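Down below is the structure, laid out as structure tokens.
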Amino acid sequence: MAALVPGRFRFAPYIEFGKKAIAREATYRFDVFTSIGSFALRVYVLRMVWTALYARNAAPPGLPLHSILTYSAVALLMGLVLDVDQVSSLYEKLHDGSIISDFMRPISVPLYFFADGTGEVLFHALLIVPSLALALLIVHIDVPSAGAFAAFVLSLLLGYFVGFCVNFILNCTAFWTLEIHAAQLIVTWLTDLLGGELVPLVLFPAALQNVLYALPFAAMFSTPLLIYVGQIAPARYPAAIGLQVVWLLVLGAICTLMWRAGVRRVVVQGG
Amino acid sequence: MGPQSRSRVAVGPVSATARRALAVYGQHWRINLLTALEYRENFLLWAAFAVVYHGSAIAALWVVLHAFPSMNGWDFRDMAFLYGLWMLAHALHDTLFFGVGSVPEYVRDGEFDRLLIRPLDTLFAVIAIPGQVFPDELILALAYFGAATWYAQVRVDALFVLCVPFVIAGGTMIELAINLIVATIAFWFVRVDAIRWIVLQLESEFTRYPIGIYSRGVRLFLTFVIPFAFMNYFPAAYFLHKSHSTFALPAAAGLLAPLIGLAFLAVAYGFWRVGLNRYQGVGH
């Protein structure tokens with residue numbers, strides 16, 4: 001939508017959009033308690049489940065109990081941020097027609113959604129601090145080497161961008177369907193399973209693993225997590241992170257195409 | 001008063017009320033089905049979500065128990081049956097009593113007052129509000145339960161056939177009771193979304209695995225405080241002949257599910273009546 005931006009591109013408005021989103025999210029304090037409460041509950045259940053499984057069975061190679069507990073706890077922490085649909089305002093605006101007023105503003109609308117969504121996610125990222133403190137009371141979380149942690153952060157950021165694209169695509173389908181909630185929940189549940197958020201992909205049968213690693217779901221959760229627990233060795237970082245970049249480019253291209261096609265046929269109900 | 005209305009009174013107030021309630025309930029399902037037909041694509045997507053929701057949970061169990069064959073002596077076959085018992089009770093609850101979960105919303109929006117002045121029992125009026133409910137999840141749950149029972153090699157004898165409907169009804173009542181309690185809390189505290197969400201999570205997490213993996217305190221909680229363990233763990237342990245060392249309860253304790261459900265629901269309904277009498281509205 002660069003054509004809509006008059007004159008020189010200015011970054012400052014988007015920072016403001018992000019700040020506004022943070023302030024808006026902060027008003028829903030109840031959700032904060034819910035998120036942290038349900039997070040603690042899930043950490044507890046995971047600890048009991050994995051402990052019971054390791055007590056009676058042989059541990060899989062390279063994945064001792066403390067690694068899998070670390071994996072599960074970090075996966076849940078990531079979920080606090082990655083499970084947020086930061087583009088839901090696009091759906092809402094398409095649904096009630098207020099998207100029209102955004103088209104009239106001298107801004108890039110997709111970039112506005114990115115700034116707004118990132119602000120929302122940054123607020124949720126604040127939840128990581130109390131959640132992590134709570135998690136540490138329940139399980140021990142391993143700390144990786146500095147190099148692995150740096151690779152994890154990079155991979156996590158790429159995972160966030162991939163997640164943004166997935167959410168953007170889903171919300172864009174509202175241009176055509178006006179209703180997206182069921183489709184969105186389907187994708188969320190598939191991501192939880194196929195992205196390795198619930199169960200590490202290394203525990204899936206070998207034939208399935210190769211397929212799952214190649215899917216975009218793995219680029220969101222599994223890749224950063226496996227880097228964190230050392231299942232992806234430093235020698236394989238370039239390949240693993242490279243695949244995330246490929247998915248980001250592919251999904252980014254789909255976002256652009258869908259947005260362009262959607263804007264051309266935007267339907268506003270009523271008036 | 002015409003002759004017709006007089007003859008209606010003669011039938012007796014109880015049966016007239018029952019007949020009217022039945023007619024309202026019939027309309028409830030008629031509107032539900034018409035809604036599903038009207039928004040066909042959306043309905044199909046929601047049905048697909050039901051498949052994905054339960055499918056991904058079962059798939060996760062399969063992956064875990066493929067890598068680790070035993071969880072406290074339960075293998076995947078047992079866990080598939082455990083899930084099936086919960087799924088059936090849960091689907092039955094969601095199909096019949098979906099409206100109870102919406103009470104906090106009605107209270108918040110001031111819509112609840114409209115239900116109070118209807119010439120019907122208020123709880124019944126809540127249950128009979130049409131929504132986008134279709135028994136797709138229930139059909140899926142029935143099919144899955146049949147398959148899981150066969151797969152887990154549960155002996156299907158007269159006792160099983162006789163007991164399962166009661167056990168399922170018990171599970172449904174347990175879920176209804178807890179939702180009714182949360183709905184009643186909304187009369188005092190308007191925003192209960194947080195509690196509702198936590199309760200939902202508690203239920204789905206704590207019904208998935210044999211409760212032997214939890215600490216004693218949690219097991220006591222799941223047995224005696226919020227008896228989720230009677231939704232599926234105790235009945236499944238009975239049908240699968242699993243020994244459970246939990247509080248020295250006899251194996252047949254699983255068959256108490258309907259009684260536990262009834263008792264829990266009675267407590268919840270009492271609380272609901274108290275809340276209803278205290279209800280003042282949110283002041284719209």
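Computed over heavy atoms, backbone and side chain alike; hydrogens, waters and symmetry mates excluded. What you see is a predicted model, and the numbers here were worked out from it, not measured in a lab.
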Looking at [options], which makes the most heavy-atom pairs under 4.5 Å with chain A?
options                        : value
B/V52, B/V63, B/N42, B/L65     : B/V63
B/Y39, B/W62, B/W197           : B/W197
B/V218, B/I213, B/L200, B/L202 : B/I213

Does any backbone or side-chain atom of [X] lie under 4.5 Å from a heavy atom of chain B? Answer side chain, backbone, both or neither.
X      : value
A/L185 : both
A/L41  : side chain
A/A55  : neither
A/V49  : both

| field | A/Q86-A/D116 side chain donor-acceptor pair, cut-off 3.5 Å | value |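 No.
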
| Nearest non-hydrogen partners of B/P235 and B/A257, listed with the distance | CG-CB, 4.3 Å

| message | Would B/R219 pass as a cation-pi partner of B/Y214, given that its NZ or CZ must be under 6.0 Å from the six-membered ring centre and within 45 degrees of the axis? | response |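 B/R219 over B/Y214 ring: no.
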
| message | Using 0.5 Å steps for rounding, measure from the CD atom of A/E197 to the CH2 atom of A/W189. | response |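 The CD atom of A/E197 sits 10.5 Å away from the CH2 atom of A/W189.
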
| query | Using the ring of each side chain (for Trp, its six-membered ring), is A/W259 parallel, tilted or perpendicular to A/F175, with breaks at 30° and 60°? | reply |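 The rings of A/W259 and A/F175 stand perpendicular, inter-plane angle above 60°.
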
